[in-house]
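A quick write-up on the structure given underneath.
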Protein chains: 2
Amino acid sequence: MEKLKKYVSVKDEDQFYHQGAVELLVFNFLLILTILTIWLFKTHRFRFLHETGGAMLYGLVMGLIIRYATKASDAESGIVYECEKLKSGPSTLLINITNQVYEYQYKREISHHNVNGHQGNAMLQKMTFDPSIFFNILLPPIIFHAGYSLKKRHFFRNLGSILTYAFLGTAISCIVIGLIMYGFVKAMVHIGQLKGWEFHFTDCLFFGSLMSATDPVTVLAIFHELHVDTDLYTLLFGESVLNDAVAIVLTYSISIYSPKENPNAFDAAAFFQSVGNFLGIFAGSFAMGSSYAVVTALISFMHLTKFTKLCEFPMLETGLFFLLSWSAFLSAEAAGLTGIVAVLFCGVTQAHYTYNNLSPDSKTRTKQLFEFMNFLAENVIFCYMGLALFTFQNHIFNPLFIFGAFVAVFVARACNIYPLSFLLNLGRKQKIPRNFQHMMMFSGLRGAIAFALAIRDTESQPKQMMFTTALLIVFFTVWVFGGGTTPMLTWLQIRVGVDPDEDLKTEASSQSATNLDKNTTKAESAWLFRIWYGFDHKYLKPILTHTGPPLTTTLPEWCNPVARLLTSPSAYGDQLKDDDTDYIINNDELTGNYESSAPTPVPAQDRTGSTQAKGKEDICEGDLGLGGYKLQLEHTAGQPQMTSLA
Amino acid sequence: MEKLKKYVSVKDEDQFYHQGAVELLVFNFLLILTILTIWLFKTHRFRFLHETGGAMLYGLVMGLIIRYATKASDAESGIVYECEKLKSGPSTLLINITNQVYEYQYKREISHHNVNGHQGNAMLQKMTFDPSIFFNILLPPIIFHAGYSLKKRHFFRNLGSILTYAFLGTAISCIVIGLIMYGFVKAMVHIGQLKGWEFHFTDCLFFGSLMSATDPVTVLAIFHELHVDTDLYTLLFGESVLNDAVAIVLTYSISIYSPKENPNAFDAAAFFQSVGNFLGIFAGSFAMGSSYAVVTALISFMHLTKFTKLCEFPMLETGLFFLLSWSAFLSAEAAGLTGIVAVLFCGVTQAHYTYNNLSPDSKTRTKQLFEFMNFLAENVIFCYMGLALFTFQNHIFNPLFIFGAFVAVFVARACNIYPLSFLLNLGRKQKIPRNFQHMMMFSGLRGAIAFALAIRDTESQPKQMMFTTALLIVFFTVWVFGGGTTPMLTWLQIRVGVDPDEDLKTEASSQSATNLDKNTTKAESAWLFRIWYGFDHKYLKPILTHTGPPLTTTLPEWCNPVARLLTSPSAYGDQLKDDDTDYIINNDELTGNYESSAPTPVPAQDRTGSTQAKGKEDICEGDLGLGGYKLQLEHTAGQPQMTSLA
């Protein structure tokens, strides 16, 4: 007995010791393989398979091996036990088995039809990790990075179009997919499939909303490498970033839409409640994310007190930046809002304000840190997608549904891009040309977000079928569309090799040459954004950062005492300094870091550019009254390597 | 029914959605508070409470709040259910409760006496996270960082002493604590405590081994800030890093020591098996760790093929470096070895070889990345220690045992430091002075490793008592000894404000002035290490890095074809270049980054220093035949800011 107990305890400790090591090693191995492959591809300038596609492929192979090379090891696999005394499922279950108490942790409710023999395969089970890991660990860095590296200048130039595509486009896409799928589901019911399933129109809309999240990570990486036309790049990037947020909140709103009586009939009250939910959650998450960023900006800006500035301790600064940004996500989640949306707007706000207060060292640190986390998280997700095809245990492949989904996704993308582009072109000075529209249509890849939304709920059979279908659409779009990006660019004759700053400059100088008034540049941005921009530049920037004009000049006279108190002493020194445009340039270089060969001299440029690169910001500000020559000079000054050309 | 189901599913999703957000937010909040406090302390040059002490304090307060402000929410708390049909505990348990199947995940075996009413307090349960998180997530970055930032030059000068303290010292400490505790346990049994407990001598030794892991993170941080004598710093740092590894393997070896018959009698076979286990695991982990580092070095060195060098893609390089280092840990764990030990030696080897092959950008990236991870992980652990005092549910406070442990820990530290220092001084040219010995005695703090080892097994009552006691000793030593470091340094008259390079230089020049032969400098390093050093410099460095002499000059003539194939073309260009010493200097600066105010110009110095800083390495090599003047010049050349003084 004594010996037996010893043995058991040793065995337990051993298990405990190695818990998780093997499956993590599998992922590490896959990622290492992916990195080596990317390296190989990069040296051969091979662009048909992007790293994400490669990661997915390796995941697929590994999933195949795990699925068919390991077998159920647990004798109890798939047996359901009865327990009359229990009335509900407690979070912790203590069970007495042969005089030894075992502690069990509640995992999930499981439908009878999901109980199968694979339940006991420890390897399979370990490899299919908790979907909440996606939402709590892997997605936040990706989304934050997207927000933090948003090209603000081009983004604001195209803000109207981006918002239209993101909000209206996603809604259109969701409804179109929902309608088409509802038709297919009706047909499936008609021919006798889906017997005994509950499949309402709301389920179709749910599928529509999750399939509306586009993730053109592959496309954008290639765009970046080839320096594709900046406006196209910005439109796609902006659309995909915001559209993720919209799709996530939309999916959540639809999932909690509960009509009072007949689930198939339209219930106006419930519908408006859903719309209200959507708006409330979106606005709440936005507020939560930006307020954390504002707090970070304020802390990093603190110079009024007797404290040493935080920026003298880059490590503490980076730590605080990281923790507060993560807190934005967690607070939103804890408050019942959407963390991903919060973290996106937190990233945008951090880049807009806090970034200006950071020490040069912290600027590099934060950028590199989030870039690295983004890189790892992205590849883990794509590896996992490959794995999931074989390790997920309740796939339901329904050819008709899959066919319907493919049709729906493409039709919906077309209904999103073409009509909206037509409408936008009515108002835009600089039209979105036909080939851009085709390219945007082609770039409707589905990726991490669609997958994460689909895997979050795979309990009922309709949801399982949706998950399987979503996975297949992700595979298809990433491999086929992702791989076809370069040929498509050539075929559509979209110009490549564009320097984004050069682009803006020539445009600006050509405009000033023809003496257009200052509104032309801002043709697209509505008055609302101009007002916001002015307010931001005059009041928010001086309060939250060391940049912008001193408050004493922007606030009314009677506010002078308050203004004097709030104004950074350095603001008096060099007025109107704005680090913002730097960020845009540097970030460009940074993102290219693992693509281009030259190491980036970021801190150096930070310093030289900070006081001189004002001109570019001014274009966005609409103060283009200085004529072409000065502008061109200032642009060149912003890029030290070109000074000799000026 | 329909509605009820909907409701349940929504509630489930909600729970699911916010899972983990609140507890992570608590940790984030604690860390933010800690960072702000450190910042405050740093500006006021307040050194009595180090950041780790602060983190612990905040954790303690938070634990108090969670313990007494939340209550058991689960009705089923503490009820044990019977299930006759189950014969053993399966890893996944499916239970049918009121016609709904629930899936439960095996968590642990639990003793009857551990079942209590707090079992159902969801908040308490969430805050006490899985101990395997310590070993798999939090400790590896800390230990890797320690290995990666080992000051190699001073480390090798004191290698003999460090190894003696780490191996012999830890063994002495373990045995002394074990013996003293065995006496106390006997006394406790005598007065009627510990009734019905099994408490063998091996358990006392187990406690001894886990309490032997010193973690002077607080002390070293203060040493670093004050620039305390480099030899003392190196002795303490080297001892604590290696001693962690030894203590971990020792604890594991003792825990699997299983005498055949009477557990109290001495079993020679089992004892030697334990010794064999210790040696095997230590050597195996060492081999595993270094081989992964060698693989990384080889990949990053690849220049023989037609591939572009990896160092042209800093992101891929950093990713590969990170993943391979982590794989060293995971492989060791999966193979039944000790991951922490593997990752330590992986770090040392990475710094020795791979670091030289990295691009300047990757050098900064990897250092900053691991520094950041170390910073976060350390503060999380110390916060958690504070929390654990109130949130851990099975504390056993036994005053006699606690008193005994305090006595034992200090006696053991004294038995470790003083006799070994005496013995070492017999052989050392440069004696370890009395005040250094007192300071080392005083710096015997217990920290993260002791805690992690103690929390890994808290199933039986003796282990719970040990955990409680270990936690109290950690609190006491970190706060009292950590806080008393600065006064103690003053009181012992240990010189501060020493520049480590300056130190070495004056020493070198004074030696050359008195015309001592080259062996004097290396007085301490035994012939074994000199042979290793020669081998490393002549063969390993040229094969694995771009540094060192070309192989064609070091290998015998008949090996020339092989040598030519293996030699890096750049090695012919500047012979004997060695980036190694740079690393030591830069790292020094880097660690100080969040302590000192000036941003470090690391990459710049990397470039200037690489070809010129050869002199320092040579001191270690024992080739000190060039006279004092040249050496001094070269040292100065290695530090660009001092060139004007030369």
Side-chain angles (χ1 to χ4, degrees), chain A residues 6 10 18-22 24-25 28 31-32 35 39 43 74 76 80-83 86 89-97 101-105 107-110 112 119 122 132 136 256 258 307-308 310 312-316 319-320 323 326-327 330 333-334 361 365 368 593-594 597 599, chain B residues 6 10 18-22 24-25 28 31-32 35 39 43 74 76 80-83 86 89-97 101-105 107-110 119 122 132 136 256 258 307-308 310 312-316 319-320 323 326-327 330 333-334 361 365 368 375 593-594 597 599:
Chain A
K6 265 251 151 70
V10 168
H18 310 143
Q19 202 180 35
V22 176
L24 283 174
L25 201 58
N28 266 15
L31 290 179
I32 292 167
I35 290 180
W39 174 29
T43 46
D74 211 323
E76 263 77 19
V80 179
Y81 296 91
E82 300 286 332
C83 204
L86 274 167
S91 63
T92 303
L93 183 67
L94 299 172
I95 281 211
N96 192 347
I97 303 168
V101 183
Y102 290 89
E103 190 177 336
Y104 279 84
Q105 195 73 45
K107 200 175 161 200
R108 55 174 181 152
E109 229 178 278
I110 188 170
H112 285 278
Q119 221 71 37
S132 74
N136 291 320
I256 60 171
S258 48
F307 297 129
T308 321
L310 188 61
E312 292 180 14
F313 311 104
M315 178 57 121
L316 298 183
L320 204 66
L323 290 171
W326 196 19
S327 295
L330 293 172
E333 288 287 301
D361 194 12
R365 274 173 190 242
Q368 290 184 345
N593 246 356
Y594 67 98
S597 57
Chain B
K6 264 256 151 69
V10 169
H18 310 143
Q19 204 180 34
V22 176
L24 282 173
L25 201 57
N28 266 15
L31 290 179
I32 291 168
I35 290 181
W39 175 30
T43 46
D74 211 324
E76 263 78 19
V80 178
Y81 295 91
E82 300 286 331
C83 204
L86 274 167
S91 62
T92 303
L93 183 66
L94 299 172
I95 281 211
N96 191 346
I97 302 169
V101 184
Y102 290 89
E103 190 177 336
Y104 279 85
Q105 196 70 46
K107 198 177 163 199
R108 55 173 182 153
E109 230 176 278
I110 187 169
Q119 222 71 37
S132 74
N136 290 321
I256 60 171
S258 48
F307 296 129
T308 319
L310 187 59
E312 291 179 15
F313 311 104
M315 179 57 125
L316 298 184
L320 203 66
L323 289 172
W326 196 19
S327 294
L330 293 171
E333 288 289 298
D361 194 13
R365 273 172 190 245
Q368 290 185 345
F375 175 77
N593 247 357
Y594 68 98
S597 57

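Since the structure is predicted, the reported quantities are computational estimates derived from the model, not experimental observations. In what follows, chains carry the letters A, B, and so on, assigned in the order in which the sequence lines appear, proteins first and then strands, with residues in each chain numbered from 1.
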Step-by-step side-chain contact (heavy atoms from CB on, under 4.5 Å) determination, B/Asp361 to A/Gln368: CA-CA 10 Å; B/Asp361 194 13; A/Gln368 290 184 345; 3.4 Å; yes
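Scanning all heavy atoms of the two residues, the minimum distance from A/Ile35 to B/Leu316 falls at CG2-O, 3.8 Å.
Residue A/Leu25 holds its CG atom at 11.0 Å from CG of B/Leu323, rounded to the nearest 0.5 Å.
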